[in-house]
Amino acid sequence: SIRAWSRVEFTECWNAPHLEIHDVNVTTPGAMTLVPYTTSWYENYRGPFVFKLVGGDFVMTTQVMVSGRDGVSVPQSQYSLAGVFIRAPRDITPGTWAPGQENYVFLSLGHGDTTPPSWQHEIKTTEQSQSTLFLSPAAGPMASLQVARIGDAVICLRRAPGQSWQVHGRFHRDDFPAQMQAGLVSYTDWLKVQTFDPFHHNSVTVAPPLPGDPSPAVTFTPDLIAGFDFARFATPIVPPELNG
């Protein structure tokens with residue numbers, strides 16, 4: 001049920017939607033669909049995030065299908081991706097927001113920076129709003145993605161259709177609190193996003209017509225549809241020989 005999920009734009013009282021479409025079993029039969037406006041997660045930029053609060057060690061697994069807004073193509077706009085995301089909660093409102101306090105890890109699928117556009121994975125770790133990201137080729141428009149939080153370790157995995165699981169990245173995050181936000185992320189149109197001050201971007205729905213647009217000569221080109229078939233949570237079981 002869509003009511004079982006929270007959205008960060010609203011829990012932090014921004015009240016400026018960053019998703020043009022967010023539904024379950026409507027746009028895409030049997031799936032949750034996220035269609036973002038021009039938006040991003042990078043350093044102090046805060047995009048859309050559909051999440052649940054999860055405590056302790058956990059594993060979250062999803063299967064995502066991505067495309068451009070035509071429903072078939074590789075997204076054409078730079079940094080148009082969607083995937084699995086975990087984030088340290090922030091007890092803030094726009095009035096108490098301050099830069100330098102974002103802490104999260106995600107693994108996503110879509111198009112990052114290739115010319116011509118091609119399928120890519122993006123993995124990103126952000127600590128105190130300092131983002132480090134890595135892009136790599138992806139097999140196609142569909143993948144299973146997984147993130148495991150085990151103690152101070154965050155392990156991200158991917159699986160292309162018909163293939164086996166591959167560990168995509170590992171991070172040591174001893175700064176994460178006991179309770180985390182865990183869920184689904186989508187974002188698009190970095191070339192337009194980067195013309196905004198982060199607080200302005202976070203505070204408004206970045207879509208035309210937009211009063212106070214800092215870059216009217218740069219067109220809006222959001223180009224992503226993401227369909228998530230499921231989101232499953234489990235408690236990890238670590239083999240004794242791998243403890244620690």
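It should be emphasised that the depicted structure is a prediction, and the values quoted were computed from it without experimental measurement.
- Sorted by first and then second residue, the side-chain hydrogen bond (donor to acceptor under 3.5 Å, both in side chains) pairs with a member in residues 226-244 read Q63-D229; sequence neighbours excluded.
- Annotation: W14 is in aromatic contact with F199 [ring centroid separation under 6.0 Å].
- A single hydrophobic cluster is not seen to contain both L19 and V204; linkage of ILVMFWY side chains at heavy-atom distances under 4.5 Å, directly or through other members, places them apart.
- Under the 4.5 Å side-chain criterion, counting only non-hydrogen atoms from C-beta, P75 is not in contact with P117.
- Looking at R149 and M60, their side chains never come closer than 4.5 Å, going by heavy atoms from C-beta outward.
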* Derivation and outcome, side-chain contact (heavy atoms from CB on, under 4.5 Å), residues V206 and F220 -> CA-CA 9 Å; V206 185; F220 291 86; 3.7 Å; yes
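- The two residues A82 and A226 make their nearest non-hydrogen contact at CB-CB, 3.4 Å.
- At distances below 3.5 Å, not a single donor-acceptor pair connects side-chain atoms of T205 with backbone N or O atoms of A207.
- Under the 4.5 Å side-chain heavy-atom criterion for ILVMFWY residues, a single connected hydrophobic cluster contains both V193 and L81.
- P236 approaches V59 most closely through the heavy-atom pair CB-CG2, 3.7 Å.
- Between D23 and T27, the shortest heavy-atom distance links the atoms OD2-OG1, 2.5 Å.
- Ring geometry for H18 against H201 counts as perpendicular: the plane angle is over 60°, on a 0 to 90° scale with 30° as the lower cut.
- Remark: E9 does not engage R46 in a salt bridge, criterion side-chain N to carboxylate O under 4.0 Å.
- For CG of D175, the number of neighbouring non-hydrogen atoms (other residues, nucleotides, ligands) closer than 6.0 Å is greater than 12.
- With hydrogens and angles ignored, the 3.5 Å screen pairs no side-chain donor or acceptor of N202 with any backbone N or O of Y45.
- Here R159 pairs with nothing under the salt bridge (charged side-chain N to carboxylate O under 4.0 Å, His left out) rule; sequence neighbours left out.
- Ring centers of F106 and W41: at least 6.0 Å apart, outside the cut-off.
- In the hydrophobic clustering of ILVMFWY residues, with side-chain heavy atoms under 4.5 Å counting as a link, V147 and F134 come out together.
- Put simply, the side chain of Q194 does not reach to within 4.5 Å of the side chain of Y42, judged on heavy atoms.
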* Could you walk me through whether V105 and F176 pass side-chain contact (heavy atoms from CB on, under 4.5 Å), step by step? => CA-CA 10 Å; V105 170; F176 280 166; 4.1 Å; yes
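- Checking side-chain atoms of Q120 against main-chain N and O of G112 turns up a donor-acceptor pair under 3.5 Å.
- The one candidate from D189, L224, L133 that meets the side-chain contact (heavy atoms from CB on, under 4.5 Å) condition with Y79 is L133.
- The same ILVMFWY cluster, assembled from side-chain heavy atoms under 4.5 Å apart, contains both F233 and V84.
- In this structure, the side chain of S215 does not engage the main chain of A217 through any donor-acceptor pair within 3.5 Å.
- Summarising the geometry of P222 relative to T38, their closest heavy-atom pair is CD-OG1, 3.6 Å, with the distance given to 0.1 Å.
- Looking only at distances, no side-chain donor or acceptor of R69 sits under 3.5 Å from a matching main-chain atom of G71.
- Summarising the geometry, atom CD1 belonging to I92 is positioned 7.5 Å from atom CD belonging to Q101; distances are rounded to the nearest 0.5 Å.
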* Kindly determine whether F228 and V50 satisfy side-chain contact (heavy atoms from CB on, under 4.5 Å), including the steps that lead there. => CA-CA 11 Å; F228 295 89; V50 178; over 6 Å; no
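- If you take CG on L109 and OG1 on T62, they are separated by 11.0 Å, rounding to the nearest 0.5 Å.
- Note: the hydrophobic cluster containing Y37 does not contain L34 (ILVMFWY, side chain heavy atoms under 4.5 Å, direct or indirect links).
- Within the 4.5 Å cutoff, the side chain of R87 has heavy atoms near those of the F49 side chain.
- The CH2 atom of W97 sits 16.0 Å away from the SG atom of C13 when rounded to the nearest 0.5 Å.
- For the pair H22 and I2, the tightest heavy-atom approach, listed with the atom from each and the gap, is O-CD1, 3.4 Å.
- When only modelled atom types and interatomic distance are considered, E122 and Y187 share a side-chain donor-acceptor pair under 3.5 Å.
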* Does the pair L53 and Q181 meet the rule for a side-chain contact (heavy atoms from CB on, under 4.5 Å), with working shown? -> CA-CA 5 Å; L53 290 172; Q181 297 171 342; 3.8 Å; yes
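- Considering only heavy atoms from C-beta on, P214 comes within 4.5 Å of F196 through its side chain.
- Taking 4.5 Å as the limit, every side-chain heavy atom of W190 sits out of range of all side-chain heavy atoms of S77.
- Here L145 contributes atom CG and L107 contributes atom CG; the two are 5.0 Å apart, rounded to the nearest 0.5 Å.
- Here the straight-line distance linking atom OG1 of T33 with atom CD of E20 works out to 12.5 Å at 0.5 Å rounding.
- A distance-only check finds a donor-acceptor pair linking the side chain of N103 to the backbone of Q128 [under 3.5 Å].
- Within a 6.0 Å radius of CG in L242, more than 12 heavy atoms belonging to other residues, nucleotides or ligands are found.
- Annotation: the span from H121 atom NE2 to Q166 atom CD amounts to 10.0 Å, rounded to 0.5 Å.
- Close placement of the F85 and Y104 rings is indicated, their centers lying within 6.0 Å of each other.
- Taking 4.5 Å as the limit, every side-chain heavy atom of T221 sits out of range of all side-chain heavy atoms of Q76.
- Judged purely by atom type and a 3.5 angstrom limit, H111 has no side-chain atom pairing as donor or acceptor with the backbone of W119.
- Considering only heavy atoms from C-beta on, P48 comes within 4.5 Å of S186 through its side chain.
- A donor atom on one side chain and an acceptor atom on the other are found under 3.5 Å apart for S129 and N44.
- Across all their heavy atoms, P211 and P209 have their closest contact at CD-O, 3.7 Å.
- Judged purely by atom type and a 3.5 angstrom limit, H168 has no side-chain atom pairing as donor or acceptor with the backbone of R158.
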